Amino acid sequence: MGGGGESLWAEPLGNDLYKIENVPFYAYGLNFQDIVRATPDSEDYIPEIRELITPSGHRTFRVFFKKHIERDQQEAILDSMESLSVTYERATNIYIALDMKPEGDYQAVFDQLDKYLEQGILGFETCETRIEGSFDDSPEEDEEDNIA
């Protein structure tokens, strides 16, 4: 994505199409291996995602471990998610993006994360689109002023 947003790894496919090659840490409505159309605002900028062309079937969850959860306990929890077709990428010591493969069971992953939430181990969010036509979670401040 362009300036001020999340930068994603992507494989160029030609004709302004790209395949996302990492799990998004901040964007909503985008997942690993989705195909998107991206163009730059000008020649001096990197391409910015304009639209989702082909969803890959992957699903993204984001996990925020409580600070008292030690790294080895985190790793055990994350490794146990592999049986649910989930892999992960770590952003920080406590913030992790989970990728559920297309063959995974979304409800089973959600339910397992919800159990960890109830136990006070972590917080989590799903990463579906929050605003139609946007990959952000809420309108920009100046956009909010224009909403009736």
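These numbers come from a predicted model, not from an experiment.
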With rounding to the nearest 0.5 angstrom, report the [atom1] to [atom2] distance, [X] to [Y].
| X | Y | atom1 | atom2 | result |
| --- | --- | --- | --- | --- |
| Leu78 | Ile96 | CG | CD1 | 5.5 Å |
| Tyr18 | Ile53 | OH | CD1 | 12.5 Å |
| Thr87 | Met81 | OG1 | CE | 10.5 Å |
| Glu103 | Leu84 | CD | CG | 11.5 Å |
| Thr129 | Leu30 | OG1 | CG | 7.5 Å |
| Gln73 | His68 | CD | NE2 | 7.0 Å |

(message) Looking at Gln74 and Ile69, would you say the former's side chain and the latter's main chain have a donor-acceptor pair under 3.5 Å?
(response) yes

(message) Check whether Thr60 reaches the backbone of Asn31 with its side chain - one donor and one acceptor, N or O, closer than 3.5 Å.
(response) no

(message) Using the rule given for side chain to side chain contact (heavy atoms under 4.5 Å, CB included), can you reason through Ile121 versus Lys115, listing the C-alpha separation, both sets of side-chain angles and the distance that settles it, and then say yes or no?
(response) CA-CA 9 Å; Ile121 294 172; Lys115 287 178 187 175; over 6 Å; no

Looking only at non-hydrogen atoms, find the nearest pair between [X] and [Y] and report the distance.
| X | Y | value |
| --- | --- | --- |
| Asp105 | Met100 | C-SD, 3.7 Å |
| Cys127 | Ala27 | CB-O, 4.4 Å |
| Val23 | Ala97 | CG1-CB, 3.5 Å |
| Gly104 | Ser85 | CA-CB, 3.8 Å |

(message) Is there a side-chain contact between Pro102 and His58 in this structure, where contact means two heavy atoms from C-beta onward sitting under 4.5 Å apart?
(response) yes

(request) Please list all pairs passing the salt bridge (charged side-chain N to carboxylate O under 4.0 Å, His left out) test where one or both residues lie in residues 49-64, with sequence neighbours left out. (result) Arg37-Glu51, Asp41-Arg50, Arg59-Glu128, Arg62-Glu125

(message) Determine whether Phe25 and Glu89 satisfy the following criterion, side chain to side chain contact (heavy atoms under 4.5 Å, CB included), listing intermediate values before the conclusion.
(response) CA-CA 9 Å; Phe25 283 102; Glu89 291 184 31; 3.7 Å; yes

Under a single-linkage definition using a 4.5 Å side-chain heavy-atom cutoff for Ile, Leu, Val, Met, Phe, Trp and Tyr, are [X] and [Y] assigned to the same hydrophobic cluster?
| X | Y | value |
| --- | --- | --- |
| Ile94 | Val86 | yes |
| Tyr116 | Tyr106 | yes |
| Leu117 | Leu113 | yes |

(request) Report the residues that fulfil salt bridge (Lys or Arg N to Asp or Glu O under 4.0 Å) with Glu21, sequence neighbours left out, ordered by chain and then residue number. (result) none

(request) Might you work through the ring pair (Phe, Tyr, Trp, His ring centres under 6.0 Å) test for Tyr28 and Phe135, ending with a clear yes or no? (result) CA-CA 5 Å; Tyr28 293 88; Phe135 304 109; over 10 Å; no

(request) With Ile49 as reference, evaluate Asp34, Leu8, Thr39 under the side-chain contact (heavy atoms from CB on, under 4.5 Å) test and give the passing residue. (result) Leu8

(request) Return the set of residues passing side-chain hydrogen bond (donor to acceptor under 3.5 Å, both in side chains) with Glu75 (not counting sequence neighbours), or none when no residue passes. (result) Arg71, Tyr88, Arg90

(request) Could you check whether the rings of Phe110 and Phe61 sit parallel, tilted or perpendicular, using 30° and 60° as the cut-offs? (result) tilted

(request) Quick one: do Ile77 and Phe65 satisfy side chain to side chain contact (heavy atoms under 4.5 Å, CB included)? Show the steps, please. (result) CA-CA 10 Å; Ile77 288 168; Phe65 280 102; 4.0 Å; yes

